[in-house]
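Fair warning: this is a prediction, and the values are worked out from it, not measured in the lab. Reminder, nothing fancy here: chain letters follow the sequence lines and each chain counts from 1.
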2 protein chains.
Amino acid sequence: MSANETRQQIVEAADRLFYERGFEATSFADIARELGLSRGNFYYHFKTKDEILDAVIRHRLETTRDMLDAWERDIRSPAERIRSFFRILIANRTRIMAHGCPVGTLCNELAKLDHAAKADAARLFALFRSWLSGQFSALGRAADADALALHVLMRSQGVATLATAFHDERFIRREVADLEAWLHDQCPDASLPPPRRSP
Amino acid sequence: MSANETRQQIVEAADRLFYERGFEATSFADIARELGLSRGNFYYHFKTKDEILDAVIRHRLETTRDMLDAWERDIRSPAERIRSFFRILIANRTRIMAHGCPVGTLCNELAKLDHAAKADAARLFALFRSWLSGQFSALGRAADADALALHVLMRSQGVATLATAFHDERFIRREVADLEAWLHDQCPDASLPPPRRSP
DNA sequence: GTCTATACGAAGATAGAC
DNA sequence: GTCTATCTTCGTATAGAC
């Protein structure tokens, strides 16, 4: 196995375990066991746990950028792109109800630990923020695009947290429908499908 | 010092440290040091860390009930009571930007740990949920009072998470103003002060 | 009730053989 | 590049003196 392949496998396993169990609660042994590696070998690829965290955050930044680029390329309407963002909540509902939002929960954990990487983790939010802001600008809301982007992020985070606490899939679907209705109110010219409203 | 006094001091110190650093990241030694106690003495009061967690959650349930009871007693209008809930975000903004929402972050952490107490922690949310639901019922929205309560909780959680990630006090104030405008739209008869709207 | 001393295991990290 | 063995630190938990 080449160094890069093993390294990549470590990052992907750490990414999953940091999400499912949290950063602190995941040990080197956990990641190594997952891959059938010895702990010793581990240190050939990463000297410290913080190095793995940095690599995981970079990996998440890359995959997130790829996802947003794909939406930018494949979806014509900015409103439909924003809807794709809403729909993450439904597509990932099972994992969200079990482990929360990968971005929000990591930022919260690193904030409590006052960890050096907490600002890096917040860049994941910043990535969504600037992308969403761009979509709202394209919808003619350049003046308050950033505030609208933060508002959307805020609601997605709230839905994730409550969905985890209450394990309630209907709540997720209701709030996504409400987000779509909200989007329609914000940008009535964007030719969205007719929204269902609740509450 | 009586057993009950010491026990109460332990619970209060643990409550604060669990909030500021997280449950897992807080050790017995941390709590003991905070109070000038020896670790040995500690075990006279609590046998395991999970016992402390249970006591902390019970303590939070009590103080939360006290706060809601006081609002119920001191504030006439249900809409004004709901506004008091919104205003927690502003009153506690400094601690929220540093450590997030005490309820949301605890529920998230316990969910990741798949901890036995995660359902107990969710009862803190349930307490706010049923109280908010009661206020919306009193405002004539009995039919969808629970959905409205969850919606309010959802937005408060989202605001807390993003405020932590971005350390943005103006964002908090803007979203609280938006919540007040939303409340006014939901219950136009409730004689609220004129809301500022944004975004 | 509070203390000191200590057992035990887990986790981060290193050294050196293959 | 991967392994085993080992070191060190820390955290939970216990025993027993005062």
Select one nucleotide: of dC3(D), dA13(C), dC3(C), the one nearest the side-chain heavy atoms of Leu37(A).
dC3(D)
Roughly how many Å is it from OH in Tyr43(A) to P in dC7(D), rounded to a whole number?
16 Å
Mind calculating the distance between CZ (Arg39(B)) and P (dA15(D)) to the nearest angstrom?
16 Å
Rounded to 10°, the angle between the first-five-pair and last-five-pair axes of the helix from dG1(C)-dC18(D) to dC18(C)-dG1(D) is 0°
Rounded to whole angstrom units, what separation is found between the CD atom of Gln9(B) and the P atom of dG1(C)?
14 Å
dG12(C) P sits how many Å from Glu24(A) CD, rounded?
9 Å
Can you confirm whether Val11(B) sits close enough to Ile52(B) that some side-chain heavy atom of one is under 4.5 Å from a side-chain heavy atom of the other?
no
Among dA13(C), dA13(D), dT2(C), the one nearest any side-chain atom of His45(B) is dT2(C)
Comparing Ala25(A) and Gly40(B) on DNA chain C - which has the more 5′ nearest nucleotide:
Gly40(B)
Glu80(B)-Trp71(B) side chain donor-acceptor pair, cut-off 3.5 Å:
no
Between dT2(D), dC3(C), dT14(C), spot the one nearest the side chain of Asn41(A), thanks.
dT2(D)
Starting at CG of Leu127(B), measure out to CD of Glu62(B) and round the result to the nearest 0.5 Å.
11.5 Å
Tell me the interatomic distance from Tyr44(A), atom OH, to dA13(C), atom P, rounded to whole angstroms.
19 Å
Given dG12(C), dT14(D), dC3(D), which nucleotide is nearest the side-chain atoms of Ser27(A)?
dG12(C)
Answer yes or no: does a side-chain N or O of Thr6(A) lie under 4.0 Å from OP1 or OP2 of dT2(D)?
yes
Tell me which one of Gln9(A), Gln8(A), Arg16(A) satisfies side chain to side chain donor-acceptor pair (under 3.5 Å) with Glu12(A).
Gln8(A)
Under the ring-ring contact (aromatic ring centres under 6.0 Å, His included) rule, what pairs show up with a residue in residues 87-115 of chain B, not counting sequence neighbours?
Tyr19(B)-His99(B), Phe23(B)-His115(B)
Quick one: does Phe86(A)'s side chain get under 4.5 Å of Leu183(A)'s, heavy atoms only?
yes
Atom pair distance, as rounded to whole Å: NZ in Lys49(B) and P in dA10(C):
16 Å
Are Ser27(A) and Asp30(A) close enough that a side-chain donor and a side-chain acceptor fall under 3.5 Å?
yes
Rounded distance (Å) that lies between atom P of dT2(C) and atom CZ of Phe42(B):
12 Å
Would you classify Ser38(B) as touching base, sugar-phosphate or nothing, given that sugar-phosphate means primed atoms plus P, OP1 and OP2, and contacts are heavy atoms under 4.0 Å?
base
